[in-house]
Amino acid sequence: QKEVEQNSGPLSVPEGAIASLNCTYSDRGSQSFFWYRQYSGKSPELIMSIYSNGDKEDGRFTAQLNKASQYVSLLIRDSQPSDSATYLCAVNEDGNQFYFGTGTSLTVIP
Amino acid sequence: KAGVTQTPRYLIKTRGQQVTLSCSPISGHRSVSWYQQTPGQGLQFLFEYFSETQRNKGNFPGRFSGRQFSNSRSEMNVSTLELGDSALYLCASSLDRGHREQYFGPGTRLTVT
């Protein structure tokens, strides 16, 4: 069984701080990595995708991938109360199904 | 461009009944995947369809089935409903099997009583 592990939290950070979310995965064949944000009562929203080792930045979000360590992370800079949500990590080996973590609940305190 | 649409949004059924859920992918997207989301199990993969063919299947009983039409719209069916089938059913579409970014619809909230 391929696994994607996330710390369920809750993770609380003050407004303006950096939130760091982590994810590890078991399948070394995984090639694509994604972060989704899910507000309570809503469906997941894709916020970042990363395919190569290193960092990928998009606005206040930075995804980091280390395939050797089977580790992917998401940094949220200048955290805002509107960032309060559950963040889901997903991994995929091309041509096969996605595997999702159970999510990390983030609360940004004003 | 319109997003993924799912109908109905809410559904209440009784045990033993069957249900059909519908998903229309983003225009031009040809791959559709279905997921079940519950508080205890998180997002669980049901199946993926591409070009009207099931390409991947998750670990769910045969009561769960699906299909895809030539216009890429997809349906999933659950027969002989059980209380444990109460969940949010999510559909996600992607451009094709080589483009792995998936976009989710709003989901169908199914309650089985």
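Atom set for the values below is all heavy atoms of this structure, side chains included, hydrogens, waters and symmetry mates excluded. Reminder, nothing fancy here: chain letters follow the sequence lines and each chain counts from 1.
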Are [X] and [Y] in one and the same hydrophobic cluster, where Ile, Leu, Val, Met, Phe, Trp and Tyr link if side-chain heavy atoms are under 4.5 Å apart?
X       : Y       : value
A:Val13 : A:Ile76 : yes
B:Phe60 : B:Phe47 : yes
B:Val19 : B:Met76 : yes
A:Phe33 : A:Tyr99 : yes
A:Tyr25 : A:Ile47 : yes

When rounded to the nearest 0.5 angstrom, what is the spacing between [atom1] in [X] and [atom2] in [Y]?
X        : Y        : atom1 : atom2 : answer
A:Leu46  : B:Ser94  : CG    : OG    : 11.0 Å
B:Phe104 : A:Gln38  : CZ    : CD    : 8.5 Å
A:Ser43  : B:Gln6   : OG    : CD    : 7.5 Å
A:Phe100 : B:Gln102 : CZ    : CD    : 6.0 Å

For A:Ser49 and B:Glu101 the tightest heavy-atom approach is OG-OE2, 2.6 Å
Using non-hydrogen atoms only, which part of B:Tyr35 is less than 4.5 Å away from chain A: side chain, backbone, both, or neither?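 Contact with chain A is through the side chain of B:Tyr35 alone.
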Measuring heavy-atom distances to chain A, does B:Leu43 have an atom under 4.5 Å in its side chain, in its backbone, in both, or in neither?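 Answer is both: backbone and side chain atoms of B:Leu43 are under 4.5 Å from chain A.
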With distance as the sole test, does A:Thr102 use its side chain to make a donor-acceptor pair with the main-chain N or O of B:Gly42 at under 3.5 Å? no
Is it the backbone or the side chain of A:Gln6 that comes under 4.5 Å from a heavy atom of chain B, or both, or neither?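 Neither part.
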Given heavy-atom pairs under 4.5 angstrom as the criterion, report whether the side chain, backbone, both or neither of A:Phe34 touches chain B.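 When you check distances to chain B, only side chain atoms of A:Phe34 fall under 4.5 Å.
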How about A:Lys67: does its NZ atom have over 12 heavy atoms from other parts shown lying under 6.0 Å from it?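 Enclosed: over 12 neighbouring heavy atoms sit under 6.0 Å from NZ of A:Lys67.
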Is the number of heavy atoms from other residues, nucleotides or ligands under 6.0 Å of B:Ile12 CD1 greater than 12?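 Counting other residues, nucleotides and ligands, CD1 of B:Ile12 stays at 12 neighbours or fewer.
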